[in-house]
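Worksheet for the structure shown next.
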Number of protein chains: 2
Amino acid sequence: MATRIHNFSLSLDGFAAGDPQSFETPFGHAGQRLHAWMMATRVWDPEHGTSGVDEAFAQQYWRGIGAEIMGAHKFGPPGWQDDPDWRGWWGEEPPFHTPVFVLTHHAREPLEMGDTTFHFLTATPAEALRIASEAAGGQDVRIGGGATVARDFISAGLVDHVHLVQVPIVLGRGTQLWEGLEGFEEAYDVETTASPSGVTHLVFTRKSPLVTS
Amino acid sequence: MATRIHNFSLSLDGFAAGDPQSFETPFGHAGQRLHAWMMATRVWDPEHGTSGVDEAFAQQYWRGIGAEIMGAHKFGPPGWQDDPDWRGWWGEEPPFHTPVFVLTHHAREPLEMGDTTFHFLTATPAEALRIASEAAGGQDVRIGGGATVARDFISAGLVDHVHLVQVPIVLGRGTQLWEGLEGFEEAYDVETTASPSGVTHLVFTRKSPLVTS
């Protein structure tokens with residue numbers, strides 16, 4: 001059982017989202033630029049999308065995942081905690097199909113939508129991972145982001161596989177991944193793959209797999 | 001005639017050198033980590049070095065260059081301007097073999113060493129490039145760094161070819177390349193090449209070549 005991050009897009013200057021983030025602009029001034037590589041694949045557009053290395057990496061997101069942990073910023077725009085009717089970005093059939101643990105300081109009842117159930121949790125990374133691992137039924141746990149959550153779990157030494165997608169743009173401002181991660185790479189082997197689309201896939205694999213259960 | 005940046009190494013978090021920089025540690029706490037990819041090639045070690053994609057890129061540094069422009073930080077450690085005997089890092093046969101223009105607010109006489117001559121210049125990027133272009137005798141001008149100079153010339157729209165080498169380490173602090181370069185990529189086509197050594201070569205080519213003379 002492993003803990004994984006997938007399809008985590010970031011700019012050359014390390015931003016995983018632009019600024020300011022709102023309901024209309026969930027990725028701020030980055031718009032869709034950080035995720036255009038994925039939207040061009042069959043993951044997003046099954047009929048006309050590409051099926052090259054970008055799709056191959058992107059599809060890994062769903063393989064063998066039993067639960068996801070995400071940050072409050074991923075579940076909704078700033079202020080969603082005050083809106084009891086907010087049910088996430090993804091409509092009535094969210095694409096997760098597993099339990100999803102949303103880290104938030106605002107407790108609310110679990111929310112069942114299709115075969116995804118959102119649980120709202122106030123917990124440290126280690127506690128959240130323990131709970132998610134139990135719910136994952138022997139499968140892997142995905143750390144779904146955003147950047148703050150990814151960084152917290154990586155710096156706590158809790159992530160076994162990190163797939164980053166570097167997009168060759170400079171955003172200048174937004175949500176940084178790298179703050180506080182100095183030297184994190186020492187615990188990992190790294191493999192880099194340049195895609196014809198212009199993005200670079202960086203895959204970090206823990207040298208000594210972490211036992212999460 | 002073109003203006004080029006080559007072999008510009010930087011960490012995942014965008015630092016071209018660590019901190020603090022001194023005579024003993026010209027790249028600060030980064031040590032040799034940012035340049036190990038090049039030191040492993042025949043460029044650095046002709047007898048035992050590698051001759052793969054890293055060497056191919058690294059060798060481009062010297063091809064068709066008629067002059068270099070470098071920042072004061074590249075010529076010497078902090079305070080070299082107050083030492084009239086400082087003659088650069090490179091010994092009596094510097095590896096440039098062309099005129100080199102060192103941007104500094106401290107004027108001094110030109111310094112001839114082997115077939116390299118260092119000129120000390122107080123000038124804007126555009127002025128420096130005009131002077132270096134004249135000295136280059138029809139060949140290209142290399143912007144030699146460090147990060148501040150690279151950034152100043154890129155943001156002034158004066159660089160035609162930018163070769164960056166991204167090393168998969170997080171430094172956490174040091175000299176940033178990306179500050180103020182938001183959106184610079186819009187003026188360039190980009191090509192990415194992953195090396196088996198783990199670094200990624202990013203080459204930016206101006207969409208509309210700049211006339212520099």
Side-chain angles (χ1 to χ4, degrees), chain A residues 8 10-16 18-19 28-31 33-34 36-37 53-54 57 147 150-151 154-155 162-205, chain B residues 8 10-16 18-19 28-31 33-34 36-37 53-54 57 147 150-151 154-155 162-205:
Chain A
F8 192 96
L10 75 175
S11 66
L12 286 172
D13 48 345
F15 294 105
D19 188 49
H29 76 297
R33 288 181 288 163
L34 288 171
W37 69 271
V53 66
D54 289 341
F57 272 111
R151 183 202 306 150
I154 293 171
S155 65
V162 182
H163 169 229
L164 306 178
V165 185
Q166 196 174 55
V167 181
I169 61 175
V170 177
L171 284 177
R173 61 192 189 281
T175 311
Q176 257 289 345
L177 174 64
W178 297 122
E179 274 167 32
L181 291 185
E182 177 182 340
F184 95 99
E185 72 280 355
E186 290 166 19
Y188 291 86
D189 294 317
V190 61
E191 189 188 300
T192 52
T193 304
S195 165
S197 72
V199 305
T200 304
H201 299 272
L202 296 106
V203 177
F204 294 87
T205 305
Chain B
F8 193 96
L10 74 174
S11 66
L12 286 173
D13 47 345
F15 295 106
D19 188 50
H29 76 297
R33 287 181 287 164
L34 288 171
W37 69 271
V53 65
D54 288 341
F57 273 111
R151 184 200 306 150
I154 292 171
S155 65
V162 182
H163 169 229
L164 306 178
V165 185
Q166 194 173 57
V167 181
I169 61 175
V170 177
L171 285 177
R173 60 193 191 281
T175 312
Q176 258 288 345
L177 174 63
W178 297 122
E179 273 168 32
L181 291 185
E182 177 183 339
F184 95 100
E185 73 279 356
E186 290 166 19
Y188 291 86
D189 294 316
V190 61
E191 188 187 302
T192 53
T193 304
S195 165
S197 72
V199 304
T200 304
H201 299 272
L202 296 106
V203 177
F204 294 87
T205 304

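Naming convention: chains lettered A, B, ... in sequence-line order (proteins, then strands); numbering from 1 in each chain. None of the values given here were measured: they were computed from a predicted structure. Basis for what follows: all heavy atoms, side chains included, without hydrogens, waters or symmetry-related copies.
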Assert top hit (heavy-atom pairs under 4.5 Å, partner chain A, pool B:Gly14, B:Gly180, B:Gly198) equals B:Gly198
Residue from A:Gln176, A:Gln166, A:Glu191 scoring the most non-hydrogen pairs under 4.5 Å with chain B is A:Gln166
Applying a strict 4.5 Å limit to non-hydrogen atoms, the region of B:Ser11 in contact with chain A is neither
Cut-off 4.5 Å, heavy atoms of chain B, and the answer for A:Tyr188 is neither
When the 4.5 angstrom heavy-atom criterion is applied to B:Glu179 and chain A, the contacting part is neither
Check: B:Leu181 and A:Leu12 side chains under 4.5 Å, non-hydrogen atoms: no
Closest non-hydrogen atoms of A:Ala194 and B:Thr192, given as atom of the first, atom of the second and distance, are CB-O, 3.3 Å
If one checks every heavy atom of B:Ile169 against chain A at 4.5 Å, the contacting part turns out to be both
In this structure, CD of B:Glu182 is separated from NE2 of A:His29 (nearest 0.5 Å) by 4.0 Å
If one checks every heavy atom of B:Thr200 against chain A at 4.5 Å, the contacting part turns out to be side chain
